[in-house]
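Keep in mind that what you see is a predicted model, and the values were worked out from it rather than measured. Order of appearance sets the numbers: ligands from 1, and atoms from 1 within every ligand.
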Amino acid sequence: MSKEIVLTGITTSGTPHLGNYVGAIRPAIEASRQENTDAYFFMADYHALIKCQDPARVQQSRQEIAATWLACGLDTDKATFYRQSDIPEIAELNWLLTCVTSKGLMNRAHAYKGAVDANLADSQDPDFGITMGLFCYPVLMAADILAFNANKVPVGRDQIQHIEMARDIAGRFNHLFGQHFTLPEAVVGEEGSILKGLDGRKMSKSYNNTIPLFDTEKKLQKGINKIKTNLLEPGEAKDPNDSTVFDIYKAFATPEQTAEMRQKFADGIAWGQAKKELFELINGQLAEPREKYLELMANPAQVEVILQAGAEKARARVRGFISDLRNAVGLVSFK
Ligand code: TRP
């Protein structure tokens with residue numbers, strides 16, 4: 001049986017935090033170790049340009065994200081790990097798909113509609129600050145996915161619509177030019193894969209409530225100390241089901257450790273002590289990858305070699321396919 005193709009992209013506009021680790025990085029690396037999957041993970045650096053026009057930030061984020069995935073144990077002999085911008089075939093497919101994508105479909109994209117709504121709420125022109133990059137974002141994402149004919153695409157809930165659009169676009173292309181694309185499916189992690197942030201909402205850069213994954217040990221400790229708790233005193237029973245400290249603990253603990261912590265909450269553990277135990281648990285798991293991360297950040301040339309090899313592997317995979325697609329639409333050699 002042929003292997004299932006699992007593919008996902010990470011927009012390179014930020015610094016990885018604990019929520020990214022629990023929600024995306026850790027499960028993706030685990031999935032890539034399975035025998036029956038062929039995993040493709042890439043840095044969506046073209047997508048980053050849509051949100052971020054600060055070249056230094058884009059570059060820094062690409063380095064941090066590459067070093068993070070490698071430090072967390074991604075096996076690049078098994079999974080294919082690359083930068084989107086190193087694969088010109090993706091940009092080429094992006095255009096072929098753009099030409100079969102109806103504008104009406106793009107009008108319905110949440111990200112674009114959200115930007116228009118924000119402008120209207122501000123009494124601005126509806127198109128204020130909206131680039132064609134933002135408007136066409138879902139087409140580029142479809143190209144990322146369809147270039148590899150991915151079967152499964154692990155994403156956050158907010159991205160489900162984009163996968164549905166990729167299916168629509170693929171279907172339209174297939175209808176016009178023959179059966180070339182597999183229709184991809186979104187895979188959304190379980191509830192437990194969404195980590196809470198400092199204020200109890202989903203940990204997210206846009207809420208400014210994150211704890212960085214690989215900052216110094218001190219910063220990790222400081223971050224954990226900032227997690228919001230209630231005013232219950234030591235000795236008073238605490239509700240684990242309504243605690244960000246417990247929630248984050250659980251994301252890193254074994255079931256036995258979680259059960260023990262649940263008991264400690266019932267027994268009235270002090271918040272300071274609970275946070276100390278949370279820090280020790282997380283730090284114990286991150287200390288080694290943190291070393292590796294710092295080493296990779298100090299040696300970008302070493303990471304470049306790995307990414308160039310990844311790009312070569314990815315391109316070898318898509319080159320023939322994109323050439324078939326060119327032929328399918330009529331871009332055929334004269335001889
Ligand atoms: N848009 C995705 C995000 O912001 C990142 C992304 C780009 C992606 N291309 C992709 C994810 C292709 C899955 C497949 O999270």
### Message
Are there over 12 heavy-atom neighbours, none belonging to Asn230, within less than 6.0 Å of that residue's CG?
### Response
yes
### Query
Within a radius of less than 6.0 Å around NZ of Lys276, do more than 12 heavy atoms belonging to other residues, nucleotides or ligands occur?
no
Mind telling me whether [Y] and [X] have parallel, tilted or perpendicular rings, with 30° and 60° as the class edges?
X: Phe41; Y: Trp69; value: tilted
X: His162; Y: Tyr137; value: tilted
X: His180; Y: Phe321; value: tilted

## Note on the structure
At a 4.0 angstrom heavy-atom cut-off, ligand 1 is contacted by Leu7, Thr8, Gly9, Thr11, Phe42, Ala44, His47, Tyr137, Met141, Asp144, Ile145, Val153, Val155, Gln159
Just distance, no hydrogens or angles: give the donor-acceptor pairs under 3.5 Å from side chains in residues 288-303, sequence neighbours left out.
from	atom 1	to	atom 2	distance (Å)
Arg290	NE	Asp215	O	3.1
Arg290	NH1	Asn283	OD1	3.2
Arg290	NH2	Asn283	OD1	2.7
Asn299	ND2	Glu295	O	2.9

